[in-house]
Amino acid sequence: MVVMIEVAENVFCCEGTAVNWIILRDGRDLTLIDGGWPGDAPAVEESIRSLGCRPEDVQAMLLTHAHVDHMGALKDLHRRYGIPVYTGEVEVRHARREFLEQATVEDVQKAPQELLLPWLERVLNVGALDDPTIPDATPIPPGPLDLPGAPVAVPAPGHTTGHLAFHLPGSAALVTGDALVTGHALSPIDGPQLIPWFFTHEEEQAHATLAVFEALDVDLILPGHGRPANLAIAEAVAIARRNAAQAAAERGLD
Ligand SMILES: [Zn+2]
């Protein structure tokens, strides 16, 4: 059974294999933001059907960034139902695998060992090594999108160069993807934080993105990993910065 919470009116947060996706509803029409690992595809479909909707009711699938744990299931839904996949101009090229900014097996081994093995076992079971390439992912224009939930794409580089967040002004919510999370299976920290550093392409950019988030009207954080948080964005960012400073000190970087 997929865990799904209505975090704001017509905004649903679903939990897959240590990763989240978001469904926005307008009548029968849906927008899906991210979709979990390849093996999460049946759970994504179940989350759609549990709202009394069909996959064909999904008007578009938006991608925060082209990592296998966020786009894996979208590939399957795209192939089976022809639902279009949109992301930013740079991330489209990432989704097409014209380049790859993803942690290697070597990078991931920097995680605490006691967390790494159980996580690896889980994610290898849901297609962590599958090829998630979506060759016909399409760039989205800036500004409010004419889609259920009226999400607004916000450039949020750092974790990947083309990473996007999606602001939902009507709900004062922010779908942060991996630019700001509240937990991760490979992080010992609970609460707002940058994703573990070994997953991050460009740490300085990731910090700059926190400053961008701070300027938005947001008091509901919907992260790619960890629980949704009813928290003013300024407070979440302050906690994330403190956690980052502490993690950097532990790595001997301060
Ligand atoms: Zn990621």
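The structure displayed is predicted, hence computed values, not measured ones. Counting convention: from 1, in listed order, for ligands and their atoms alike.
- Side-chain N or O atoms of His94 include none that pairs as donor or acceptor with a backbone N or O of His65 at under 3.5 Å.
- By the neighbour-count criterion of 12 heavy atoms within 6.0 Å, atom CD of Glu89 is sparsely surrounded, having that number or fewer from other residues, nucleotides or ligands.
- Contacts classified as ring pair (Phe, Tyr, Trp, His ring centres under 6.0 Å) and involving residues 19-46 (residues at least two apart or in different chains) are not found.
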Table please: side-chain donor-acceptor pairs of residues 185-192 below 3.5 Å, with sequence neighbours left out.
residue, atom, partner, partner atom, Å
Ser187, OG, Ile189, N, 3.0
Ser187, OG, Gln193, OE1, 2.6
Asp190, OD1, Arg227, NH2, 3.4

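- Under the ring-ring contact (aromatic ring centres under 6.0 Å, His included) criterion, Tyr81 pairs with no residue, sequence neighbours left out.
- Listed by chain and number, His65 NE2, His67 ND1, His159 NE2, Asp178 OD2 are the protein N/O/S atoms closer than 2.8 Å to the Zn ion (ligand 1), with waters left out.
- For His184 and Phe199, the ring centers are positioned less than 6.0 Å apart.
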